[in-house]
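Here the structure is laid out as structure tokens; the discussion comes afterwards.
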Amino acid sequence: MALRITVIGTGYLGATHAAAMAELGFEVLGLDVVPEKIEMLSAGRVPMYEPGLEELLHKHVEGLPGSTGRLRFTMDYEEVGAFGDVHFVCTNTPQKHGEYACDMSYVNSAFASLAPHLKSDALVVGKSTVPVGSAARLKQLLADQAPEGVELAWNPEFLREGFAVQDTLHPDRLVAGVESERAEKILREVYATPIAEGAPFVVTDFPTAELVKTAANSFLATKLSFINAMAEVCEAADGDVVKLAEAIGYDERIGAKYLRAGIGFGGGCLPKDIRAFMARAGELGADQALTFLREVDSINMRRRGHMVELAREALGDAGFLGKRVAVLGATFKPDSDDVRDSPALNVAGQIHLQGGQVTVYDPKGMANARRVFPTLGYADSALDAVRGADIVLHLTEWREFRDLDPAELGGVVAQRLILDGRNALDSATWREAGWTFRAMGRPKA
Ligand SMILES: NC(=O)c1ccc[n+]([C@@H]2O[C@H](COP(=O)([O-])OP(=O)(O)OC[C@H]3O[C@@H](n4cnc5c(N)ncnc54)[C@H](O)[C@@H]3O)[C@@H](O)[C@H]2O)c1
């Protein structure tokens, strides 16, 4: 009989995973502890913005017209335990308040709630990003609290927000931390379609599976901070970091991706993951191995302050006082509504606190941004945001912003002054339309 799948925690990762599993042909039951999420998902609505996800829900959520009916949602752990053969745990693992370490309470709670209800041949699969050693501990929790025979596997997730559906259905690799052939066989069955498409399937032990995820994120963070460090040097030496990135990116050993200098990385993953990694390495006595991540983090965090400084400098002596500042972008990256640890909002907030009159516009992140920073001004379009502005800051590289007409915007601002915090706009077009255009790590020209 076909495997029945459950997904515990239906946030950015879990909601996508649940819908993707239904798309792959499985019967799926998703569980969350937030009633509003379950209501929305059950009605085929996505509690966040993720391209293609709503369509997938409509295609599969039980009770919707024309759906396959393979996907439904609940808040009942007993129902989930009775239903599932394979349970994916996708709960959040945020940074602990006041320290670098990972807060495992949501994962612990999900495991503890699930364990007593499991069938004896169930496979529990951890997907959340966790400190190395967590799987060994959770295996013990299952041994203590679940029926005999229940097994654990660790299957970290590499999806990118904004491409989550595509990445889940067509992953560039799958990692399976397993302790038995049976667990491996079950995961191979779950992922039979992407494996048949050619996705590499890497089988490891628990600690390696956990480490693959944090190592991958640490590498990406390091690459971004590397190019941002080069941007600092370019600014000091009057060089151009965009040209530099292009030139070094042609070297296949380096690669052109993840080499765009700007206001740095943010979001619900990279910053907290590298910090949790450092904290865990410290516990393991391997802290020296990761001291470089402290520098990666601090290069990244000072980009935000640097952007504020560049804006103040561009505005002249009076700084932000009484000045209207238009901020284009609130989310931590384009094609998402996620504002968790968003550099764009951080910059907007700092300028607001320094007396600037900030107006933010973002194509999808407005509701979340308003919740996090209710005191900022908000506009319903880029044109409205820049109306009367003394300076425009481009802080999230949405396509909509790349397509803006500098002449049209130039007609409504108080001053044609723009700072590109993402090195994503075409400087020549803006300058031709009479704008003073500045960007991070590039000559003033
Ligand atoms: N978002 C991403 O792009 C991404 C990518 C790869 C890995 N991850 C990792 O996946 C995990 C989840 O991330 P996310 O961005 O989806 O977080 P999220 O906050 O969007 O979703 C987590 C969900 O879990 C639910 N939850 C919390 N406690 C629960 C419990 N005890 N039982 C059931 N549900 C519970 C929450 O209500 C929420 O809906 C994290 O470990 C993250 O690091 C995320």
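Both ligands and their constituent atoms are indexed starting at 1 by order of listing.
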* Structure fact -> re atom 17 (O) of ligand 1, the protein heavy-atom contact at minimum distance is Arg340 NH1, 3.6 Å
* To do: Quick one: look at Pro156 and ligand 1, take heavy-atom pairs under 4.0 Å, and tell me if it's side chain, backbone, both or neither.
  => neither
* Select one of side chain, backbone, both or neither to describe which atoms of Lys213 lie under 4.0 Å from any atom of ligand 1, heavy atoms only. => side chain
* Asked: Just checking, any donor-acceptor pair under 3.5 angstrom between side chains of Glu235 and His306?
  -> yes
* **Within 45° cone of Phe111 ring axis and under 6.0 Å: Arg137 NZ or CZ** => no
* List the steps, then state whether salt bridge (Lys or Arg N to Asp or Glu O under 4.0 Å) holds for Lys119 with Asp121. => CA-CA 6 Å; Lys119 297 193 275 191; Asp121 57 353; 5.4 Å; no
* To do: Would you kindly check if the NZ (Lys) or CZ (Arg) of Arg173 is within the cone defined by 45 degrees around the ring axis of Phe158 and under 6.0 Å from the six-membered ring centre?
  => yes
* **Min N/O separation Lys127 to ligand 1 under 3.5 Å** => no
* cation_pi(Lys364, Tyr49) dist<6.0 Å, angle<=45 -> yes
* To do: Provide, to 0.1 Å, the distance between atom 5 (C) of ligand 1 and the closest protein heavy atom, together with that atom's residue and name.
  => Leu159 O, 3.6 Å
* Asked: So, do His117 and Tyr77 have ring centers that fall under 6.0 Å from each other?
  -> no
* **Protein heavy-atom partner closest to atom 27 (C) of ligand 1 - residue, atom, separation in Å** => Asn92 OD1, 3.2 Å
* In terms of residue, atom name and distance, what is the protein heavy atom nearest to atom 35 (C) of ligand 1? -> Thr91 CG2, 3.3 Å
* Asked: Quick one: nearest non-hydrogen protein atom to atom 28 (N) of ligand 1, plus distance?
  -> Tyr106 CD2, 3.6 Å
* After noting the C-alpha distance and the side-chain angles of Arg370 and Asp362, does the key distance pass the salt bridge (Lys or Arg N to Asp or Glu O under 4.0 Å) rule? -> CA-CA 11 Å; Arg370 274 201 178 94; Asp362 187 279; over 6 Å; no
* Using distance alone, with no hydrogens and no angle criterion, decide if Asn368 and Arg340 have a side-chain donor and acceptor under 3.5 Å apart. => no
* To do: For ligand 1, find out whether one of its N or O atoms is nearer than 3.5 Å to an N or O atom of Ser109.
  => yes
* Structure fact -> Checking heavy atoms under 4.0 Å, the part of Tyr77 that sits near ligand 1 is side chain
* Any cation-pi pair here, Arg160 with Phe163, using under 6.0 Å and within 45°? -> yes
* Asked: For ligand 1, is there an atom lying under 4.0 Å from some heavy atom of Ala110?
  -> yes
* Polar-atom distance check: Thr129 versus ligand 1, any N or O pair below 3.5 Å? -> yes
* Asked: Any idea which protein heavy atom is nearest atom 10 (O) of ligand 1, and the distance to it?
  -> Leu13 CD2, 2.9 Å
* To do: Provide, to 0.1 Å, the distance between atom 1 (N) of ligand 1 and the closest protein heavy atom, together with that atom's residue and name.
  => Glu161 OE2, 2.8 Å
* To do: Considering heavy atoms of the protein only, find what lies nearest to atom 37 (O) of ligand 1 and give residue, atom and distance to 0.1 Å.
  => Asp32 OD1, 2.6 Å
* **Residue portion contacting ligand 1 (non-hydrogen atoms closer than 4.0 Å) for Lys37** => side chain
